[in-house]
Visitor: 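My questions all concern the structure below.
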Amino acid sequence: MDPILVCAATAVEEGGKGVRFAVATEGSAGTGFVVRYDGAPYAYLNRCAHMPIELDWAEGEFFESGGLYLMCATHGAIYAPDTGVCAGGPCRGGRLRPIAVVERDQQIFWQPDDYVRPPSD
Ligand code: FES
């Protein structure tokens, strides 16, 4: 399946707001998100590893205030932005579900896989 456009590369700033995009998993609507960390884009399914709810309480706010970790706004689970592995809080032992992303021609695309599909699939 072809990669799907998320947004312009400039829309995702280092340690700043993330950009959400619509996905479907096992037929249910969901969201993915992309953030930038250490210069590179990283995308994950927007679902805490501890409970199946979205991480961003305020839309697009995925980083904690220090800009080092992604944080679930509800109960404070923190995740390494480059691996999605839980780094503290109630997600212990869990990790975010990664979504492949590519940055090319000043745009960011996500790559559907067997589990994370386009919403119309
Ligand atoms: S739902 Fe994410 S930390 Fe509780």
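Source: prediction; values computed, not measured.
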Visitor: What are the two closest non-hydrogen atoms of E59 and K17, and how far apart are they?
Guide: O-NZ, 3.5 Å

Visitor: So which heavy atom on F109 is nearest to which on P3, and how close?
Guide: CB-CB, 3.7 Å

Visitor: Check for a donor-acceptor pair, side chain of E61 on one end and backbone N or O of L55 on the other, with a separation under 3.5 Å.
Guide: no

Visitor: Evaluate whether atom CZ of F21 has more than 12 neighbouring non-hydrogen atoms of other residues, nucleotides or ligands under 6.0 angstrom away.
Guide: yes

Visitor: Which pairs count as disulfide bond (SG atoms under 2.5 Å apart) when at least one residue sits in residues 27-56, sequence neighbours excluded?
Guide: none

Visitor: Please report, to 0.1 Å, the donor-acceptor pairs under 3.5 Å made by any side chain of residues 88-95, with sequence neighbours excluded.
Guide:
residue: R95; atom: NH2; partner: T83; partner atom: O; Å: 2.8

Visitor: With sequence neighbours excluded, what pairs up with Y42 under the ring pair (Phe, Tyr, Trp, His ring centres under 6.0 Å) test?
Guide: none

Visitor: Does E14 CD have over 12 foreign heavy atoms under 6.0 Å away?
Guide: yes

Visitor: According to a 4.5 Å side-chain heavy-atom criterion applied to Ile, Leu, Val, Met, Phe, Trp and Tyr, with indirect links allowed, do L68 and F63 form part of one hydrophobic cluster?
Guide: no

Visitor: Tell me the closest heavy-atom pair linking R20 and F62, and the distance in Å.
Guide: CG-CZ, 4.1 Å

Visitor: Can you sort out the partners of T25 under side-chain hydrogen bond (donor to acceptor under 3.5 Å, both in side chains), two or more places apart, ordered by chain and number?
Guide: R47

Visitor: Group every Ile, Leu, Val, Met, Phe, Trp and Tyr by side-chain heavy-atom contacts under 4.5 Å, then state whether Y44 and V23 land in the same group.
Guide: no

Visitor: Take the angle between the ring planes of H75 and H50 and call it parallel below 30°, perpendicular above 60°, tilted in between.
Guide: perpendicular

Visitor: With I108, which of V19, V12, V102 fulfils side-chain contact (heavy atoms from CB on, under 4.5 Å)?
Guide: V12

Visitor: Could you name each residue pair satisfying salt bridge (charged side-chain N to carboxylate O under 4.0 Å, His left out) that touches residues 29-46, not counting sequence neighbours?
Guide: R36-E103

Visitor: So, for P81 and Y69, which heavy atoms are closest and what is the spacing to 0.1 Å?
Guide: CD-CA, 4.2 Å

Visitor: Quick check: closest heavy atoms across F33 and L45, and the distance to 0.1 Å?
Guide: CE2-O, 3.8 Å

Visitor: So which atom in G32 and which in I99 form the shortest heavy-atom distance, rounded to 0.1 Å?
Guide: CA-CD1, 4.1 Å

Visitor: List in chain and number order the residues that pass salt bridge (Lys or Arg N to Asp or Glu O under 4.0 Å) with D82, two or more places apart in sequence or in another chain; answer none if no residue qualifies.
Guide: none

Visitor: Taking a hydrophobic cluster as the set of Ile, Leu, Val, Met, Phe, Trp and Tyr residues connected by side-chain heavy atoms closer than 4.5 Å, whether directly or through intermediates, do V116 and V34 fall within one such cluster?
Guide: yes

